[in-house]
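Data first, discussion second: the structure below is written as structure tokens.
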Amino acid sequence: MDRLNKLQPLALLLLRLALGLVFFTHGFAKVANLTQASEMFGKMGFPGWVGVLIALLEVIGGVLLIIGLFTRIMGLIFAGEMAVAILRVHWAQAPWWQLNSYELALVCGAGSFVLAAFGAGILSIDEAVFHRRR
């Protein structure tokens, strides 16, 4: 087991890269057509400006996860975003037992919460900037 523990920095890096890429690409698609994103969020019962906010959040936050900066904060924000998406959007369209309707949001939310709880790991800007000050 000790050998597997040595893989934790790599595991956190891979989790950050995967989640960051997913959030970035989904956000970029919204940024590319902000009018459509606003309309889509309006149809889901949110004010249209929320679509613009989420688009920017996902693009900027995705990049921050990839580079490992403010990882715990972004993990908490993304976990909350995914919880709202599941509760207010996905479960409104399909019952909770139809996992295929919200599985991406569930995995992204859980992974984001892991990053909020454990941080970015030693292979990150967070480690280089904030932990050397101790």
Side-chain angles (χ1 to χ4, degrees):
M1 286 299 173
D2 286 340
R3 289 184 182 177
L4 288 177
N5 287 342
K6 292 179 183 178
L7 294 175
Q8 289 174 357
L10 178 61
L12 289 170
L13 172 65
L14 293 176
L15 181 60
R16 280 194 356 255
L17 293 175
L19 288 173
L21 185 60
V22 168
F23 282 115
F24 176 82
T25 56
H26 280 257
F28 189 80
K30 293 175 185 84
V31 167
N33 194 341
L34 288 176
T35 303
Q36 183 180 2
S38 294
E39 291 172 359
M40 178 181 69
F41 276 79
K43 290 177 184 175
M44 292 186 284
F46 297 97
W49 59 266
V50 172
V52 175
L53 178 68
I54 293 297
L56 295 173
L57 172 72
E58 289 177 349
V59 167
I60 295 167
V63 170
L64 290 174
L65 285 184
I66 289 169
I67 65 173
L69 182 61
F70 306 122
T71 304
R72 287 180 183 257
I73 295 166
M74 292 313 307
L76 195 58
I77 291 170
F78 281 143
E81 178 193 355
M82 294 298 99
V84 170
I86 291 168
L87 296 172
R88 290 259 334 255
V89 178
H90 296 286
W91 284 356
Q93 297 172 357
W96 66 267
W97 57 85
Q98 288 184 352
L99 185 64
N100 63 332
S101 69
Y102 64 95
E103 61 194 1
L104 179 61
L106 181 65
V107 169
C108 286
S112 295
F113 188 74
V114 168
L115 290 177
F118 287 94
I122 62 173
L123 302 174
S124 67
I125 293 177
D126 282 345
E127 178 68 22
V129 172
F130 300 114
H131 290 127
R132 292 199 179 174
R133 293 183 179 178
R134 291 183 197 175

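By the rule that hydrophobic residues join a cluster once side-chain heavy atoms approach within less than 4.5 Å of another member, Ile77 and Val63 end up as members of separate clusters. One hydrophobic cluster, built from ILVMFWY side chains closer than 4.5 Å, holds both Ile67 and Leu15. Both Ile73 and Leu19 are part of a single hydrophobic cluster, where members link through side-chain heavy atoms under 4.5 Å apart. In the hydrophobic clustering of ILVMFWY residues, with side-chain heavy atoms under 4.5 Å counting as a link, Leu99 and Val84 come out apart. Placement of Leu76 and Val114 in two distinct hydrophobic clusters is found when ILVMFWY residues are connected by side-chain heavy-atom separations under 4.5 Å, directly or transitively.
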Begin from the C-alpha positions of Phe23 and Met82 and carry the test side-chain contact (heavy atoms from CB on, under 4.5 Å) through to its verdict.
CA-CA 11 Å; Phe23 282 115; Met82 294 298 99; 3.8 Å; yes
Does the pair Leu87 and Trp96 meet the rule for a side-chain contact (heavy atoms from CB on, under 4.5 Å), with working shown?
CA-CA 9 Å; Leu87 296 172; Trp96 66 267; over 6 Å; no
Evaluate the side-chain contact (heavy atoms from CB on, under 4.5 Å) criterion for residues Met74 and Leu57: first the C-alpha distance (whole Å), next the side-chain angles of each, then the deciding distance (0.1 Å), finally the verdict.
CA-CA 9 Å; Met74 292 313 307; Leu57 172 72; 3.7 Å; yes
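At least one side-chain heavy atom of Val52 sits less than 4.5 Å from a side-chain heavy atom of Ser38. Taking the side chain as every heavy atom from C-beta outward, Leu104 and His26 approach each other to under 4.5 Å. A 4.5 Å side-chain heavy-atom check between Glu58 and Lys30 finds at least one atom pair inside the cut-off. Side chains of Ile60 and Leu64 form a contact here, defined as non-hydrogen atoms less than 4.5 Å apart. Between Leu115 and Phe78 there is no side-chain heavy-atom pair separated by less than 4.5 Å. Counting heavy atoms from C-beta outward, Glu81 and Ile54 have side chains that approach closer than 4.5 Å. Contact annotation: the side chain of Cys108 approaches that of Val22 to within less than 4.5 Å [non-hydrogen atoms, C-beta and beyond].
Here the shortest heavy-atom pairing between Gly121 and Leu12 reads CA-CD1, 3.7 Å. Scanning both residues, Ala120 and Thr71, for their nearest heavy atoms gives CB-OG1, 3.2 Å. Across Gly109 and Ala79, no two heavy atoms sit closer than the pair O-CB, 3.7 Å. For Arg16 against Ile66, the heavy-atom pair with the smallest separation is NH2-O, 3.3 Å. In this structure, Ala55 and Leu34 approach most closely via the heavy-atom pair CB-CD2, 4.1 Å. Across Phe70 and Asp126, no two heavy atoms sit closer than the pair N-OD1, 2.7 Å.
Atom CZ of Phe118 has 12 or fewer heavy atoms from other residues, nucleotides or ligands within 6.0 Å. Counting non-hydrogen atoms of other residues, nucleotides and ligands closer than 6.0 Å to CD of Gln98 gives a total above 12.
Of the inter-residue distances, the one linking Met40 atom CE with Lys43 atom NZ reads 10.0 Å to the nearest 0.5 angstrom. Separating the CE atom in Met44 from the CD atom in Gln93 is a distance of 8.0 Å, to the nearest 0.5 Å.
Tyr102 places no side-chain N or O within donor-acceptor distance of the main-chain N or O of Trp91, the cut-off being under 3.5 Å.
Judged by the 6.0 Å and 45° rule, Arg72 forms no cation-pi pair with Phe130.
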